[in-house]
Amino acid sequence: MIKNNIRVRFAPSPTGFLHVGGARTALFNWLFARHSGGTFILRIEDTDRERSKPEYEEAILRDMRWLGLDWDEGPEAGGEKGPYFQTQRGSLYKKELEKLIFTGNAYPCFCSQEELAADREAQIAVGKIYRYSGKCAQLTADEAEEKSRKGELSAIRLRVKEGFTTFTDIVRGQVTVNHEEIDDLILVRRDGEPTYNFVAVVDDALMEISHVIRGDDHLPNTPKQILVYNALGFKIPQFAHIPLILGPDRSPLSKRHGASSVSEFKRQGYLPETMVNYLALLGWSFDGKTEIFSQEELIQKFSLERVVKSAAAFDYEKLQWLNGHYLRAMDDEKMFQLCRDYLLENKIISQKYVQSEDIYLRRVVALVRGNLKLISQIDEQLTYFLNDVYAYDPQALIKFKTAENISVFERVIKVLNETDSLAPIPLEERFRKEAVSMERKFSELVHPMRLAITGRTNSPNLFEIMEVIGKDRCLDRLQRFLNSIQKTKG
RNA sequence: GACCCCAUCGUCUAGAGGCCUAGGACACCUGGUUUUCAUCCAGGCAACACGAGUUCGAAUCUCGUUGGGGUCACCA
């Protein structure tokens with residue numbers, strides 16, 4: 001496919017799992033790229049060597065793939081503008097830094113951390129806002145050289161002149177910041193490591209990023225970065241800052257609200273199509289009416305102009321409803337595979353059982369799937385299919401374990417014994433007739449039977465269950481229930 | 001605290017001066033379908049944060065107040 005000049009990127013730090021906020025940022029970038037025929041780039045911002053871990057990096061790639069967010073350039077994909085790991089781009093930063101020093105847009109700062117800290121405290125004590133004094137900005141080239149010759153270490157700062165920076169954000173509109181609000185920011189630390197606001201700009205510029213789509217939290221960084229773009233002589237990209245995702249209590253979404261990382265949602269039994277659809281709806285809408293979007297429809301309909309400005313609270317209930325929707329729409333084979341994988345992963349059933357009972361399991365899943373909103377709920381739907389001994393619902397037990405039900409169960413067992421085929425429709429017909437002849441309501445027959453055969457008051461179609469479980473097991477279960485009534489009531 | 005951003009039902013949102021007695025979805029409530037649950041169907045509850053302007057007319061424009069969020073690092 002021929003790509004145009006639209007290039008966007010998602011740039012996670014491998015310091016943790018992929019958070020839903022990050023996932024949505026990635027999604028919006030991806031949708032924008034796919035919609036416009038542009039290029040989607042994945043860049044790993046791993047310069048925080050203490051917190052970055054390879055396992056997080058792997059997890060992020062895995063979760064991105066699970067969501068279906070494929071990247072055109074980046075780790076494992078390669079690309080012309082690499083490397084795509086910041087830790088491998090040191091020489092590029094060095095080269096750009098030299099440009100800045102040569103043009104006088106950056107200068108060495110010899111102030112020690114202690115000095116700066118003291119300065120800060122002094123200013124705060126007087127009730128002023130802390131700003132770097134600009135002391136080292138005054139140093140002449142000779143003075144600076146003299147200091148370095150004496151072995152004094154320096155950080156490198158950007159020289160910020162007076163004035164205002166204005167930019168137009170695609171979702172926020174025009175934003176203006178007075179340079180008084182901006183310090184002479186550090187570009188390279190005393191230890192030689194470049195800082196985020198410097199490397200992000202260099203990377204975005206060198207990778208020819210046309211649209212920077214990222215979280216709201218970067219909005220205050222943007223004027224600083226524009227200053228760096230200008231100092232470097234690079235073209236400024238378009239910016240689009242998307243609002244943050246909050247928890248149900250409107251504080252930033254975190255683990256204490258429940259699941260907050262993509263892998264956690266996956267583990268709980270959510271589908272990737274659910275996550276993509278829901279995340280797209282969180283902060284974006286098409287017409288305010290349509291709720292269900294396939295990935296193709298999202299690509300076709302997405303636009304940054306329709307991204308909302310305000311932060312959205314994550315609604316776990318709506319997510320679950322959506323998942324139920326996608327689960328219902330799924331074909332039996334895929335549903336079976338997902339359930340089987342879930343049951344195997346959580347060691348609820350063994351590989352051996354899956355192999356020997358393949359047909360049985362398929363029929364069971366097809367039966368109970370109607371009640372699932374999460375794949376993980378398959379577990380508790382399965383109890384009476386996997387075990388012949390199970391607890392009875394206590395309330396229902398009181399209701400149905402009655403002396404008068406003795407004759408009911410005797411009849412039911414007799415009828416079932418005389419029945420050869422358990423095909424659900426004729427079987428139901430047979431019991432309907434039986435209810436009439438017993439002068440009982442059909443439900444008065446079905447409910448006690450359900451309790452005996454499943455242990456519960458609700459289940460899928462009882463007669464389909466009976467067919468799947470088989471005549472012998474059903475008779476055993478009915479007989480066992482009858483015996484227990486006779487023992488206490490007889 | 002300073003600076004920046006935001007503000008429509010409980011939640012996600014539609015709404016870009018008259019189409020709004022504010023629409024849709026989740027949740028909730030009622031009824032229907034079903035052997036039960038789930039589904040499905042029908043209906044209901046429920047919001048323009050507040051106060052001043054501008055205007056013939058404001059959810060929509062302006063200002064202020066309040067509330068929420070973000071950022072203020074030699075973290076990313």
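Within every chain, numbering begins at 1; the chains are lettered A, B, ... in the order of the sequence lines, protein sequences first and strands thereafter.
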Please name the nucleotide paired to [N] by Watson-Crick or G-U wobble geometry with both distances under 3.5 Å, or report none.
| N | result |
| --- | --- |
| A7(B) | U66(B) |
| A76(B) | none |
| G31(B) | C41(B) |

Among [options], the one nearest [X] by side-chain distance:
| X | options | answer |
| --- | --- | --- |
| Thr47(A) | A76(B), U39(B), A73(B) | A76(B) |
| Arg306(A) | C4(B), U35(B), G15(B) | G15(B) |
| Glu181(A) | U39(B), C3(B), G24(B) | C3(B) |
| Arg51(A) | C26(B), C6(B), C75(B) | C75(B) |
| His447(A) | C74(B), U35(B), U13(B) | U35(B) |
| His218(A) | A76(B), U11(B), C12(B) | A76(B) |
| Asp48(A) | A7(B), C26(B), A76(B) | A76(B) |
| Asn458(A) | C74(B), U36(B), G70(B) | U36(B) |
| Ser310(A) | A7(B), A76(B), G70(B) | A7(B) |
| Glu45(A) | U35(B), A76(B), C74(B) | A76(B) |

statement: The answer to which of Glu317(A) and Pro252(A) contacts RNA chain B further toward the 5' end, by nearest nucleotide, is Glu317(A)
statement: Sorted by position of nearest nucleotide on RNA chain B, 5' first, the leading residue of Val446(A) and Asp287(A) is Asp287(A)
Considering only nitrogen or oxygen atoms on both sides, find all protein atoms under 3.5 Å from nucleotides 18-21 of chain B and state each distance.
none

message: Regarding Ser52(A) and Asp46(A), do their side chains bring together a donor and an acceptor under 3.5 Å, going by distance alone?
response: no
message: What I want to check is whether the side chains of Gln377(A) and Asn371(A) have a donor and an acceptor closer together than 3.5 Å.
response: no
So, are [X] and [Y] salt-bridged, with charged N and O less than 4.0 Å apart?
| X | Y | result |
| --- | --- | --- |
| Arg256(A) | Asp249(A) | yes |
| Asp183(A) | Arg157(A) | no |
| Lys301(A) | Asp287(A) | no |
| Arg430(A) | Glu434(A) | yes |
| Lys334(A) | Glu273(A) | yes |

- prompt: Base, sugar-phosphate, or nothing: which does Val308(A) touch, judged by heavy atoms less than 4.0 Å apart?
  reply: sugar-phosphate
Checking only heavy atoms, does the side chain of [X] share a donor-acceptor pair with the base of [N] at less than 3.5 Å?
| X | N | answer |
| --- | --- | --- |
| Lys289(A) | A14(B) | no |
| Asp315(A) | C12(B) | no |
| Asn221(A) | U71(B) | no |
| Arg328(A) | U39(B) | no |
| Arg189(A) | C74(B) | no |

Using atom [atom1] of each nucleotide, how far apart are [N] and [M] to the nearest Å?
| N | M | atom1 | answer |
| --- | --- | --- | --- |
| G51(B) | A58(B) | P | 14 Å |
| A49(B) | A7(B) | P | 10 Å |
| C50(B) | U60(B) | P | 10 Å |
| C75(B) | A25(B) | C1' | 40 Å |
| G15(B) | A27(B) | C1' | 23 Å |
| C12(B) | A47(B) | P | 16 Å |
| C48(B) | G10(B) | P | 8 Å |
| U55(B) | U13(B) | C1' | 29 Å |

- prompt: Does A73(B) have OP1 or OP2 sitting under 4.0 Å from an N or O in the side chain of Arg157(A)?
  reply: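 The answer is no; no side-chain N or O of Arg157(A) sits under 4.0 Å from OP1 or OP2.
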query: So, is Ser285(A) close to the A14(B) phosphate, meaning a side-chain N or O under 4.0 Å from OP1 or OP2?
result: yes
field: Phe463(A) CZ to U34(B) P, straight-line distance once rounded to whole Å
entry: 15 Å
- prompt: Who passes salt bridge (Lys or Arg N to Asp or Glu O under 4.0 Å) against Glu464(A), sequence neighbours left out?
  reply: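 Scan of Glu464(A) (salt bridge (Lys or Arg N to Asp or Glu O under 4.0 Å), adjacent residues dropped) gives none.
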task: Verify the ring-centre separation between Tyr392(A) and Phe481(A): is it less than 6.0 angstrom?
output: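 Aromatic pair counts; centres sit under 6.0 Å.
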- request: Using the ring of Phe302(A) (Phe, Tyr or Trp, six-membered ring only), decide whether Arg306(A) places NZ or CZ under 6.0 Å from its centre and within 45 degrees of its axis.
  value: no
